[in-house]
Structure formats: structure tokens, C-alpha cells
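These notes concern the structure reproduced below.
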Amino acid sequence: MYQSQKQGNQLTIKFSASFERIDSVCKDVKLFLEAENLHDMVFGVILGIREVLTNAVKHGSMMDPHREVMFFMTINKAQIHVCVSDSGSGFDWRALEKKEAPASDTHGRGISILKAYFDRVHYNE
């Protein structure tokens, strides 16, 4: 399942929790950013959301294609707001935020990447 809707300055995507769908989300986000004349933002935004969506599929949804992941993006003035939700029980982001993964690691770099490319990152409790 994959549903994408663009309405004004907002992009909403609901998709089955599978890695293949992440590529579709990234393609839609790229087109959305380019349509808003934000070509210079594409690389960093795609890199960040790919990390977040991978974690939502892998950890939050346990790679169960029967579960859904929700993605929202809104562009207001020069700000891009992204929200991702999944059906998982959450994670201890406070503990992970303090860890710094070596660049050679193949996993565990998501929060570091978000901090490098996004001005602010928020988690729910």
C-alpha cells in the first residue's frame, strides 16, 4: 500500500512498512522540494528522512508490511517540517542522543545525521 497526497505546501504519505516503499517516499519528496524551488535542500532532507523512515520500518514496524508508516512534510516560508510516525512502542532517544557512532559503523548513525542536516529534531515521549 502506498498513498501520496500533495495539498498546497503539504505532502502526506501513508505506506506499508517495507524498505522498498522508502525509495518511493524519497522520490516523492524530491519532486515536492524541487517544485518548491528547494533544489539545494534535496540531498540533506532525503538523507535525513531515509534514516528516519528506515528506523520506522525496521524498528517501529518490525518490517511487517501489514503495519503502516505515516510521513508528513510541510514547507512554510524557508522552513521544512517533517513528521514520521509508526506503530511501534517508541525508543529511548535520550540514551541514543548521547552516543556518537563512529563513521565506519553501518548502523546507529541516524541521530548524528539528523543533527548534522536538520536545525531541530524532536521526539515524542
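One-based numbering along the sequence shown.
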Give the C-alpha distance, both sets of side-chain angles, the deciding distance and a yes or no for side chain to side chain contact (heavy atoms under 4.5 Å, CB included) between I80 and F118. CA-CA 9 Å; I80 300 170; F118 288 57; over 6 Å; no

Distance from E68 atom CD to D86 atom CG, nearest 0.5 Å? 11.5 Å

Taken to the nearest 0.5 Å, the spacing of I49 CD1 from I113 CD1 works out to 13.0 Å

When rounded to the nearest 0.5 angstrom, what is the spacing between CD1 in I46 and NZ in K27? 11.0 Å

Shared hydrophobic cluster for F43 and V52 (ILVMFWY, side-chain gaps under 4.5 Å): yes

What verdict does the side chain to side chain contact (heavy atoms under 4.5 Å, CB included) test give for H81 and F72, after you've listed the backbone C-alpha separation in whole Å, the side-chain angles of each residue and the deciding distance to 0.1 Å? CA-CA 8 Å; H81 298 268; F72 305 95; over 6 Å; no

Is there a donor-acceptor pair closer than 3.5 Å between any side-chain N or O of N9 and the backbone N or O of N76? no

Would a distance-only check, ignoring hydrogens and angles, find a side-chain to backbone donor-acceptor pair under 3.5 Å from Y2 to S24? yes

Do V84 and V121 sit in one hydrophobic cluster, given that two such residues count as connected whenever their side-chain heavy atoms are within less than 4.5 Å of each other, even indirectly? yes

More than 12 foreign heavy atoms under 6.0 Å from NE2 of H66: is that the case here? no

Test your reading of the model: is there a side-chain donor-acceptor pair from R67 to the backbone of G60, 3.5 Å cut-off? yes

How long is the gap from CZ on F15 to OG on S61, to the nearest 0.5 Å? 8.0 Å

Audit row: R21, V57, side chain to side chain contact (heavy atoms under 4.5 Å, CB included) steps and yes/no: CA-CA 10 Å; R21 297 292 187 208; V57 168; over 6 Å; no

ILVMFWY network linking L53 to M63, side-chain heavy atoms under 4.5 angstrom: yes

Interatomic distance, Q5 atom CD to I13 atom CD1 [nearest 0.5 angstrom]: 10.5 Å

Do you reckon M1 sits in the same ILVMFWY cluster as L11, going by side-chain contacts under 4.5 Å, direct or chained? no

Would you please name every residue forming a salt bridge (Lys or Arg N to Asp or Glu O under 4.0 Å) with E34, sequence neighbours left out? K30

For the pair V82 and V29, evaluate side chain to side chain contact (heavy atoms under 4.5 Å, CB included) and give the outcome as yes or no after the intermediate values. CA-CA 11 Å; V82 174; V29 167; over 6 Å; no

Using the side chain to side chain contact (heavy atoms under 4.5 Å, CB included) criterion, which residues pair with S85? Sequence neighbours excluded. M70

Listed once per pair and sorted, the salt bridge (Lys or Arg N to Asp or Glu O under 4.0 Å) pairs that draw on residues 38-55, sequence neighbours left out: D23-R50

Measuring from atom CD of Q79 to atom CG of D119, what distance do you get when rounded to the nearest 0.5 angstrom? 8.5 Å

